[in-house]
Amino acid sequence: MDLKIKINGEDWTLDVAPADTLLDVLRERVGTKSPKIGCERGDCGSCTVLIDGRSVRSCLVLAVEADGHEITTVEGISYDGLSALQTLFLENNSFQCGFCTPGIVLSATELLEQNPNPTRHDVQEALAGNLCRCTGYEPIIDAVLAAGDGGSE
Amino acid sequence: MTPTDTFLFEAESGNKDLESVGTPAVRIDGRDKISGAAQFVDDIDFGPGLLHAAVVESPHAYARIVSIDTSEAEKADGVVRVATGKDFPYKFGMYMEDRYIFAQDYVRFVGEQVAGVVARSHREAVRAAKLVKVEYEVLTPLLDPKAAVEDGAELIHPDLDEYTHVPWFFPKANTNIAHWRKIRKGDTEKAFAEADYVLEDTYTVPRYAHCAIEPHVTVSKLDFADRLTVWTASQSPHTQRHLFAEALAPLGFTHKDVRVITPYVGGGFGGKAGVSMEIIGAALATLVKGRPVKLRFTREQEFYNTYQRQGVVAELKVGVKSDGEITAVEHKLYWDAGAYVEYGANVVNAAGLSATGPYRVPNITNDSLCIYTNLPPGGPYRGFGYSEFHFGLESHMDRIAEAIGMDPVEFRRKNAIIEGDELAYGAAMNPSGMLEAIDRTAAAIDWGVEEESDNPNTVIGKGISLFWKAPAMPPNSSSASFLKFNEDGSINITVSGMELGQGYLTVMAQIAGEVLSVPVDKIRVETPDTDRNPYEWQTVASHVTWSSGLAVEKAAIEARAKIFDVIHQVYGYEDDSLYLEDEKVKCKTDPSFAKSLSEFVIDGIQTEDGTWRGGPIVASGKFMPEFTNANSDPETGQGGHPNVHYTVGATGVILEIDKETGRIWVRKAALAVDAGRAINPDLVKGQITGGLVQGLATVLYEDMRFDDDGKLLNPNFTDYKIPTAFDIPDEIIPIIVEVPQPDGPFGARGVGEHTMIGAAPVIANAVYNALGVRIKSMPITQEKVAMAILEQSGN
């Protein structure tokens with residue numbers, strides 16, 4: 001099946017199988033490796049990408065469902081150096097092993113787009129679908145709050 | 001400790017102010033990980049020749065394999081090769097060779113690998129694996145460790161006495177006891193008779209899963225020159241190479257023919273130590289020469305066929321005098337070690353050596369039994385036995401304090417082990433900041449101040465617990481490093497410790513940078529390749545900051561000596577008048593002299609006659625503890641010095657409990673750990689926060705559930721919940737204590753595992769403090785708390 005899709009600003013036309021997930025296509029056909037394979041059932045969030053700015057689990061999205069849409073991965077927001085949020089992740093040690101980090105950066109990017117001044121609860125809610133086993137989340141929440149003018153409750 | 005290892009740097013430098021060590025240097029792997037550039041094994045491209053493997057697994061916990069028919073699978077689309085145990089009748093194992101690459105005559109747990117299928121695509125491999133027909137004679141599984149040690153129990157490994165194992169294991173032939181660690185010190189019986197109060201009880205801890213977010217994955221390739229290269233998501237590149245070379249030696253491999261490459265790894269926690277599924281991939285690759293083979297475990301396989309944290313039944317008896325002095329501990333630990341104990345038996349060993357906890361105890365009887373069961377293989381998990389036995393031990397200490405009318409903090413202060421006290425195996429305790437850790441933790445949670453909830457439906461409780469842990473490793477585990485300068489004065493360091501997320505690479509750069517006056521951002525340290533990088537035993541046991549750090553420090557000191565030697569040759573300054581500052585060589589006796597490293601560390605220095613001196617500055621360093629030995633009396637555990645040192649600390653919480661639903665909120669958690677010296681305080685804080693949250697999950701809700709046939713019921717994140725961003729304390733207070741480790745790099749010792757250990761008992765103690773209910777089995781779920789409240793109120 002033909003898939004016309006924009007990935008990190010670049011137009012692609014791909015012949016995909018109906019059962020191919022968006023994650024398969026991004027990783028194996030396009031070579032975009034920042035979305036990771038962690039559970040393949042939408043539990044862990046390490047495959048998170050943005051479709052038209054909204055975060056999705058790309059392991060649960062069939063590639064054909066993304067036809068005509070625009071996909072952003074963490075590579076797509078790193079072309080011009082690190083974003084303000086990414087810089088705060090660096091300064092706050094908001095990562096350890098780094099496997100969940102691309103997904104978390106995207107979920108937090110989406111949150112800040114929609115809610116530039118989130119509360120701690122807002123941040124926890126936005127990240128609740130992205131599992132991190134290393135950090136205990138605290139330094140991640142701190143970085144996102146700092147990116148959003150410090151937050152207010 | 002040997003005097004030569006004591007404060008290497010400070011001894012030579014006269015304690016100058018530190019510029020890199022002790023600072024929160026920005027992580028050198030940060031940009032890779034935040035930008036998506038970080039490459040994990042599954043992210044590496046292997047081209048169109050890549051093959052994919054799938055595993056045929058046992059559906060039974062215990063069965064005899066009657067026959068295996070692979071003919072249908074071999075004919076399936078895309079299949080290149082099918083292999084069974086007949087292709088690889090070789091044993092392997094870390095500390096005890098009790099496993100096969102594929103099951104031979106018996107399967108011993110649900111999920112055990114029986115055959116492997118290699119195909120051109122992942123889907124074809126999975127499809128064909130279902131076509132392999134295995135006929136089993138189903139046997140009755142042994143799932144309970146205490147039943148497995150009863151007289152007449154079926155033997156899960158009848159040939160146990162023929163297995164090769166390390167000399168500090170003591171298997172009992174014709175039983176299911178693969179190792180029995182005994183400690184006998186003083187006269188426990190007499191001490192109990194003379195004690196003013198004795199408390200005896202049993203605590204149980206179930207199995208747990210590591211849940212690194214990256215599943216195990218390996219790609220293996222045997223090329224046409226008979227070179228085996230294995231890319232793995234691993235904590236242990238050199239140990240893996242060693243075990244691959246040993247297990248596959250019948251195929252003609254030697255160590256130099258085997259190469260292990262370990263890029264970034266997506267979390268380990270012990271689960272990616274040693275060798276588990278990687279041996280399957282390595283073996284299959286030998287059957288399809290020239291083609292790389294990828295084996296990536298699913299999340300389900302990750303749960304049931306990598307290591308699990310072992311369950312334990314702990315029978316504990318402690319005697320005290322009326323003034324609170326602990327006089328005797330008897331701790332019997334019955335470990336559910338699973339079907340294969342090649343790694344897990346050392347968890348049992350470590351726990352047995354230290355099952356008194358961080359207390360001064362004159363009379364000790366420890367029995368730590370490694371028991372085969374028909375559950376998945378147990379193995380290393382952050383805390384390595386200590387997380388498990390501290391639950392009962394630290395619950396018990398609170399109960400004793402209450403029974404004798406003593407404040408639990410005061411009771412612990414009185415008995416806490418301090419420098420020079422005798423350990424269970426007879427050696428002396430290393431310097432420790434335990435008392436400072438207790439005091440600062442207690443202060444952080446306002447210990448002694450009772451708090452009442454504003455909400456009539458909830459109650460507030462406070463708890464405290466102590467922890468200790470020593471690295472558990474062979475006595476001669478070692479680390480090495482290479483260091484080389486580049487033209488611009490920047491440095492490349494190669495080591496073989498793994499960056500698991502803890503910040504190891506950054507810490508190594510800080511140590512070298514301190515000695516050589518080079519900023520961390522001019523130092524590159526990367527993940528290992530066993531062909532290029534010098535030896536490291538494994539990245540486990542919280543030992544690499546200490547051990548690999550010493551190897552790096554020694555390499556840097558050697559490089560510095562070579563730098564001074566060049567300056568001496570050319571300018572005549574004595575070596576001991578020279579020092580490094582701001583990437584320059586300077587001279588105490590000639591303040592006008594300054595020579596930038598970038599001017600000569602590759603090209604050397606030209607002399608007056610036009611010739612050159614010096615050349616590329618390269619150096620190496622190694623560290624092996626030379627004071628340890630594992631040769632203790634099997635019946636008493638006395639006579640050896642198995643552990644290098646202990647790291648200690650304390651955990652405290654304030655929690656709130658809903659009296660109707662049993663729901664627990666951790667309002668505040670404080671954790672103090674004695675890092676010796678925090679090379680990078682921010683990274684230590686990262687370990688405190690991460691380890692504490694991981695530990696809290698084991699006590700609040702995580703729990704592996706098996707059915708009566710030994711099948712794991714919750715092998716996924718829907719049914720085995722790990723913490724989300726919502727499931728964390730409202731506030732975490734990290735406290736770094738720094739009582740230097742005399743033989744550590746700049747005084748440092750490890751902290752990574754320790755931060756998980758105190759979490760389980762501190763919750764048990766705080767729940768008791770809040771409700772007067774003592775829960776003696778993990779996890780302390782909302783349901784258990786609610787039921788206990790009901791029982792207490794007589795409903």
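Just so you know, these numbers use all the heavy atoms, side chains as well, and skip hydrogens, waters and symmetry mates. A note on names: the letters A, B, ... follow the listed sequences, proteins ahead of strands, and every chain is numbered from 1. None of these values were measured; they are calculated from a predicted model.
Donor-acceptor pairing under 3.5 Å is lacking for the side chains of B:Y264 and B:Q39. Side-chain N/O atoms of A:D142 and A:N92 include no donor and acceptor closer than 3.5 Å.
Around atom CD of A:E65, more than 12 heavy atoms belonging to other residues, nucleotides or ligands sit under 6.0 Å away. Within 6.0 Å of atom CG in B:D719, more than 12 heavy atoms from other residues, nucleotides or ligands are found, so the atom counts as buried in its surroundings.
Residue contact with chain A, scored on non-hydrogen atoms closer than 4.5 Å, is absent for B:N680. Of the atoms belonging to B:V265, it is backbone heavy atoms, and not side-chain ones, that fall under 4.5 Å from chain A. Using a 4.5 Å cut-off between heavy atoms, B:P729 contacts chain A through its backbone alone, with no side-chain atom that close. At a 4.5 Å heavy-atom cutoff, A:I77 makes no contact with chain B through either its backbone or its side chain. Contacts of A:E125 with chain B are made by both backbone and side-chain atoms, with heavy-atom separations under 4.5 Å. When heavy atoms are compared at a cutoff of 4.5 Å, B:I34 approaches chain A by way of both its backbone and its side chain. With a threshold of 4.5 angstrom between heavy atoms, A:I141 approaches chain B through side-chain atoms but not through N, CA, C or O. Residue contact with chain A, scored on non-hydrogen atoms closer than 4.5 Å, involves the side chain of B:R123 exclusively.
When each of B:I732, B:V26, B:D42 is checked for heavy-atom pairs under 4.5 Å with chain A, B:D42 comes out on top. Taking B:D727, B:V217, B:D682, B:T718 one by one and counting their heavy-atom pairs under 4.5 Å with chain A, the maximum is reached by B:T718. By number of non-hydrogen pairs under 4.5 angstrom with chain B, the leading residue of A:C100, A:S94, A:A128, A:S34 is A:A128. Most heavy-atom pairs under 4.5 Å with chain A, from the set B:I213, B:V693, B:I722: that is B:I213. Chosen from B:G36, B:C211, B:A38, the residue pairing most often with chain A at heavy-atom distances under 4.5 Å is B:C211. The most heavy-atom pairs under 4.5 Å with chain B, out of A:N130, A:D20, A:T73, come from A:D20. Of the listed residues (A:P139, A:G136, A:C39), the greatest number of heavy-atom pairs within a distance under 4.5 Å of chain B belongs to A:G136.
B:K272 places a side-chain N or O within 3.5 Å of a backbone atom of B:G267 that can act as its donor or acceptor partner. The main-chain N or O of B:G752 is found under 3.5 Å from a side-chain atom of B:R382 such that the two form a donor-acceptor pair.
Annotation: ring pair (Phe, Tyr, Trp, His ring centres under 6.0 Å) contacts of B:F297 (sequence neighbours excluded): none. The ring pair (Phe, Tyr, Trp, His ring centres under 6.0 Å) check on B:Y381 picks up B:H210, with sequence neighbours excluded.
Taking each heavy atom of B:I733 and B:K668 in turn, the nearest pair found is CD1-CD, 3.8 Å.
Ring orientation note: the planes of B:F717 and B:F303 are nearly perpendicular, at an angle over 60° on the 30°/60° scale.
The side-chain heavy atoms of A:I104 and A:L127, taken from C-beta on, include a pair separated by under 4.5 Å. Taking the side chain as every heavy atom from C-beta outward, A:V49 and A:T72 never approach each other to under 4.5 Å.
Scanning residues 40-48 of chain A against chain B with a 4.5 Å heavy-atom cutoff picks out A:E40, A:R41, A:D43, A:C44, A:S46, ordered by number.
Sequence neighbours left out, the pairs with a member in residues 91-111 of chain A that pass salt bridge (charged side-chain N to carboxylate O under 4.0 Å, His left out) are A:R54-A:E110.
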